[in-house]
Visitor: 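First, the structure itself, so that you have it in front of you.
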Amino acid sequence: MSAEELEKYETEQELTLYREYRDVVKIFKYVVETDRRFYLCNSVDVKARTEAGEVFFEVTISDAWVWDMYRPARFAKNVKVLTFKDVNVEELATSDIDPPKG
């Protein structure tokens, strides 16, 4: 596969992922962003933990959709993330859910 073919394939995958996101965002309440993934979900719990003097976050997510074009199935019933990096959780407002048309 040439570099051009690979780039075209990845562009098509990203467009497919965006279309899927646009279709499913309306059924979720929260956006969760970690250093490695972006999730849509209906339930999220973030706890700061300390072990051996290090602080990390334990993120428990239920009823989730994962933004990852390489996953064969993007829906997950339960997800647990442990991270030393920032975690961003936002509650979606109705106006946030309506992506631009086009």
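Bear in mind the structure is a predicted one, so any value in this text is a computation, not a measurement.
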Visitor: Just wondering, do Leu17 and Arg74 contact through their side chains at under 4.5 Å, heavy atoms?
Guide: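 Yes, their side chains come closer than 4.5 Å.
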Visitor: Using modelled atom types and a 3.5 Å cut-off, is there a donor and acceptor pairing between side-chain atoms of Glu14 and backbone atoms of Thr11?
Guide: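 No: the side chain of Glu14 does not pair with the backbone of Thr11.
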Visitor: Are there over 12 heavy-atom neighbours, none belonging to Glu7, within less than 6.0 Å of that residue's CD?
Guide: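 No - once you tally the heavy atoms of other residues, nucleotides and ligands closer than 6.0 Å, there are 12 at most.
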Visitor: Taking atom CG as the centre, does Asp23 end up with more than 12 heavy-atom neighbours from other residues, nucleotides or ligands that are less than 6.0 angstrom away?
Guide: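 Atom CG in Asp23 is crowded, with more than 12 foreign heavy atoms closer than 6.0 Å.
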Visitor: Do Tyr18 and Tyr70 belong to the same hydrophobic cluster, where Ile, Leu, Val, Met, Phe, Trp and Tyr are linked whenever their side-chain heavy atoms lie under 4.5 Å apart, directly or via other members?
Guide: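 Result: yes, single cluster for both.
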Visitor: Closer than 4.0 angstrom, basic N to acidic O: yes or no for Lys29 and Glu91?
Guide: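 Glu91 and Lys29: not salt-bridged.
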Visitor: Hey, are the side chains of Trp65 and Val25 touching, using non-hydrogen atoms and a 4.5 Å cut-off?
Guide: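 Counting from C-beta outward, Trp65 and Val25 never come under 4.5 Å.
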Visitor: Are the side chains of Asn42 and Tyr30 in touch, meaning some heavy atoms are under 4.5 Å apart?
Guide: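 Counting from C-beta outward, Asn42 and Tyr30 never come under 4.5 Å.
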Visitor: Between Val46 and Ile61, is there shared hydrophobic-cluster membership here, with clusters defined by ILVMFWY side-chain heavy atoms closer than 4.5 Å?
Guide: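 Yes.
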Visitor: Under a 4.0 Å N-O cut-off, is there an ion pair linking Glu58 with Arg49?
Guide: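 A salt bridge is present here (some side-chain N lies under 4.0 Å from a carboxylate O).
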Visitor: Mind checking side chain to side chain donor-acceptor pair (under 3.5 Å) for Glu33 and listing every partner two or more places apart, or none if nothing turns up?
Guide: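 If we apply the side chain to side chain donor-acceptor pair (under 3.5 Å) test to Glu33, skipping adjacent residues, there are no hits.
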Visitor: Could you tell me whether a side-chain N or O of Thr50 sits under 3.5 Å from a main-chain N or O of Gly53, the two making a donor and an acceptor?
Guide: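 Not at all, since once roles are kept as given, no pair shorter than 3.5 Å links the two residues.
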Visitor: Working to the nearest 0.5 angstrom, can you tell me the gap between Leu92 CG and Phe28 CZ?
Guide: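 One gets 10.0 Å once the value is rounded to the nearest 0.5 Å.
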Visitor: Ignoring hydrogens and angles, state whether a donor on the side chain of Asp45 or Thr60 is under 3.5 Å from an acceptor on the partner side chain.
Guide: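 Looking only at side-chain atoms, Thr60 and Asp45 do not form any donor-acceptor pair under 3.5 Å.
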Visitor: Would you say Cys41 and Asp63 make side-chain contact, with heavy atoms under 4.5 Å?
Guide: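 They are not in side-chain contact.
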Visitor: Under a 4.5 Å side-chain heavy-atom rule over Ile, Leu, Val, Met, Phe, Trp and Tyr, are Val89 and Ile27 clustered together?
Guide: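 Cluster IDs for Val89 and Ile27 differ.
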Visitor: Are any non-hydrogen side-chain atoms of Arg36 and Lys85 less than 4.5 angstrom apart?
Guide: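 No; the side chains remain at least 4.5 Å from each other.
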Visitor: Kindly indicate, with the supporting measurements, whether the criterion side-chain contact (heavy atoms from CB on, under 4.5 Å) is fulfilled by Tyr39 and Val79.
Guide: CA-CA 10 Å; Tyr39 302 89; Val79 177; 3.9 Å; yes
Visitor: Kindly assign one of parallel, tilted or perpendicular to the pair Tyr21 and Trp67, based on the angle between their ring planes and the thresholds 30° and 60°.
Guide: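 Because their plane-to-plane angle is over 60°, the rings of Tyr21 and Trp67 count as perpendicular.
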Visitor: Count I, L, V, M, F, W, Y as connected when their side-chain heavy atoms are under 4.5 Å apart, and connections chain through other members. Are Val31 and Val59 then in the same cluster?
Guide: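 No.
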Visitor: side-chain contact (heavy atoms from CB on, under 4.5 Å) for Glu90 and Val32? Distances and angles first, verdict last.
Guide: CA-CA 7 Å; Glu90 296 179 37; Val32 178; over 6 Å; no
Visitor: For a 4.5 angstrom cut-off between non-hydrogen side-chain atoms, does Phe75 reach Val24?
Guide: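 Phe75 reaches Val24 side chain to side chain.
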Visitor: Is Asp35 close to Asp86 at the side-chain level, that is, under 4.5 Å between some pair of heavy atoms?
Guide: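 SC-SC contact between Asp86 and Asp35 ruled out.
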Visitor: Starting at NZ of Lys8, measure out to CG of Leu6 and round the result to the nearest 0.5 Å.
Guide: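 Separation between the atoms: 12.5 Å.
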Visitor: Less than 4.0 Å between a side-chain N and a carboxylate O, is that true for Asp68 and Arg37?
Guide: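 Between Asp68 and Arg37 there is a salt bridge, with a charged N closer than 4.0 Å to a carboxylate O.
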Visitor: Any luck finding a side-chain donor-acceptor pair between Glu4 and Tyr9 under 3.5 Å?
Guide: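 Checked: Glu4/Tyr9 side chains show no N/O donor-acceptor pair below 3.5 Å.
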Visitor: Excluding sequence neighbours, so at least two apart, what forms ring-ring contact (aromatic ring centres under 6.0 Å, His included) with Phe56?
Guide: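 By the ring-ring contact (aromatic ring centres under 6.0 Å, His included) rule, Phe56 matches Phe84.
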